[in-house]
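Convention: sequence-line order gives letters A, B, ...; per-chain numbering from 1.
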Amino acid sequence: MRIATWNVNSVRSRIDRVEAFLERNDIDVLALQETKAVPDQIPTMNLEIAGYEVAAVGYDQWNGVALVSRVGIEDIKVGFPGMPEFNGKAEARALGAVCGGVGIWSLYVPNGRKPDDPHYAYKLEWLAALKAASSEWHGTPTALVGDWNVCPFDEDCFDPSQFKNSTHLTQPERDAFFAIEADYRDVVRPHVPGPEKYTYFDYYRQRFERNRGLRIDFVLGSPTFAERVTGAFVDLEERDPAKFAGAPSDHAPVVVDLAD
DNA sequence: ATGGTTGTAGCACAA
């Protein structure tokens, strides 16, 4: 089984590329983040023709996550137990389901904006709640996949000195990520040590062309998931502005292969 | 520090 995660930065503006990506890489399950769509807005006709089912959640134009699967979508969960809201407003940042016998959570961790912004505290609170909830599932084959908006190590950032007053590299964010890694393993890092390790490139300043990116999209596997992983890669072709018509997402998909 | 580029319910704001 082949599983992928991709912050698509609007599924409506890139539905053709989603379909092409699924076909090009022979994907069984795709977790999407930043769909920027409510479920009714997600065009599924061609996906249905190709045999994929879609589960999605979205309340407004900013967030939204989805799962696309051709190996079934069962036991769908919108949000995880204890998932915090921001200012009392529910946000579409987590969707779980069982696909092909494996629990997959599509996660869009809050960005945090700036260290002194309320969204930063919300991000830490959100990750702590995910730690608590996910520890309940780690005995089953489960993957926590998505855009984590955290660089766990300096080597995951093209230039840490540029992030002194920014989010993503702060110790509290890293500690929150590492707490979850106590139960789950990064199953991609061993297969993608570098230099093709970055999953996000800012649209500005030709960051992709200069390979100046961040590794912030992760597949964390429970022990019984991780032991089945046979390979992984970052699909940098999908992020390459020169490869396809139209603007790419600012994130590249991450692909993981699982033994049966 | 600033700027640069995408996306959306856009002519402001989030990333």
Side-chain angles (χ1 to χ4, degrees), chain A residues 5-21 31-43 56-66 84-94 106-127 145-151 156-170 173 177 198-218 234-254:
Chain A
T5 180
W6 186 16
N7 179 325
V8 70
N9 188 16
S10 170
V11 69
R12 282 175 289 164
S13 71
R14 258 180 279 283
I15 188 63
D16 292 345
R17 295 182 70 135
V18 171
E19 290 165 1
F21 167 75
L32 293 169
Q33 301 87 37
E34 265 199 271
T35 53
K36 296 186 175 180
V38 301
D40 287 351
Q41 292 175 313
I42 297 179
V57 58
Y59 306 124
D60 59 33
Q61 74 274 39
W62 298 125
N63 304 317
V65 293
E85 302 180 343
F86 187 81
N87 283 348
K89 179 168 164 277
E91 295 190 281
R93 295 185 174 275
S106 181
L107 303 170
Y108 179 41
V109 176
N111 175 283
R113 301 191 184 180
K114 295 288 175 191
D116 59 356
D117 192 293
H119 287 87
Y120 178 80
Y122 169 59
K123 178 180 193 173
L124 297 179
E125 182 190 356
W126 199 94
L127 284 166
V145 315
D147 177 0
W148 292 74
N149 275 315
V150 177
C151 272
D156 298 332
C157 174
F158 68 95
D159 183 4
S161 72
Q162 293 195 19
F163 288 76
K164 290 296 185 203
N165 300 309
S166 305
T167 57
H168 290 55
L169 278 73
T170 70
E173 289 166 277
F177 182 87
Y198 298 133
T199 66
Y200 164 83
F201 302 85
D202 208 301
Y203 282 125
Y204 318 142
R205 296 179 150 216
Q206 298 187 296
R207 289 270 172 81
F208 176 80
E209 289 78 356
R210 298 188 295 155
N211 197 27
R212 294 170 73 76
L214 307 177
R215 193 206 286 261
I216 55 175
D217 298 85
F218 296 98
V234 181
D235 182 12
L236 290 171
E237 185 179 32
E238 180 58 51
R239 178 62 185 85
D240 188 342
K243 283 284 182 181
F244 306 102
S249 169
D250 43 1
H251 292 252
V254 178

Residues which pass salt bridge (charged side-chain N to carboxylate O under 4.0 Å, His left out) with [X], listed by chain and number, not counting sequence neighbours:
X: A/Lys164; value: none
X: A/Arg215; value: A/Asp156
X: A/Asp60; value: A/Lys89
X: A/Glu173; value: A/Lys123

Study note, to complete from the structure: Under a 4.0 Å heavy-atom criterion, DNA chain B is touched by chain A from B/dA1 to B/dA15
Exercise for review: For A/Asp250, answer base if it contacts any base atom (sugar-phosphate contacts may also be present), sugar-phosphate if it contacts only those atoms, and nothing otherwise; contact means non-hydrogen atoms under 4.0 Å.
Suggested key: nothing
Exercise for review: Describe the nucleic acid contact of A/Asn63 in one word from base, sugar-phosphate, nothing, applying a heavy-atom distance below 4.0 Å.
Suggested key: nothing
Pick the [atom1] atom in [N] and in [M], then give their distance to the nearest Å.
N: B/dA9; M: B/dC13; atom1: C1'; value: 12 Å
N: B/dG7; M: B/dC11; atom1: C1'; value: 14 Å
N: B/dA1; M: B/dT5; atom1: P; value: 23 Å
N: B/dA14; M: B/dG10; atom1: C1'; value: 12 Å
N: B/dG4; M: B/dT8; atom1: P; value: 22 Å

Exercise for review: Specify the residues of residues 199-208 of chain A, ordered by number, for which at least one heavy atom lies under 4.0 angstrom from an atom of DNA chain B.
Suggested key: A/Tyr203, A/Tyr204, A/Arg205
Point to revise | side chain to side chain donor-acceptor pair (under 3.5 Å) involving A/Arg239 - partner list, sequence neighbours excluded | key: none
Point to revise | Results of ring-ring contact (aromatic ring centres under 6.0 Å, His included) for A/Phe158 - residues two or more places apart only | key: none
**Study point:** Non-neighbouring partners of A/Phe208 that pass ring-ring contact (aromatic ring centres under 6.0 Å, His included), sequence neighbours left out
**Key:** A/Phe201
**Study point:** Under 3.5 Å: donor-acceptor pair, side chain of A/Tyr203, backbone of A/Asp250
**Key:** yes
Point to revise | Along DNA chain B (nearest heavy atom to each residue), the more 5'-positioned of A/Asn165 and A/Pro248 | key: A/Asn165
Practice item. Hey, which sits more toward the 5' end of DNA chain B by its nearest nucleotide, A/Val11 or A/Gln162? Key: A/Gln162
Practice item. Please check if any side-chain donor atom of A/Asn63 sits under 3.5 Å from a side-chain acceptor atom of A/Glu91, or the reverse. Key: yes
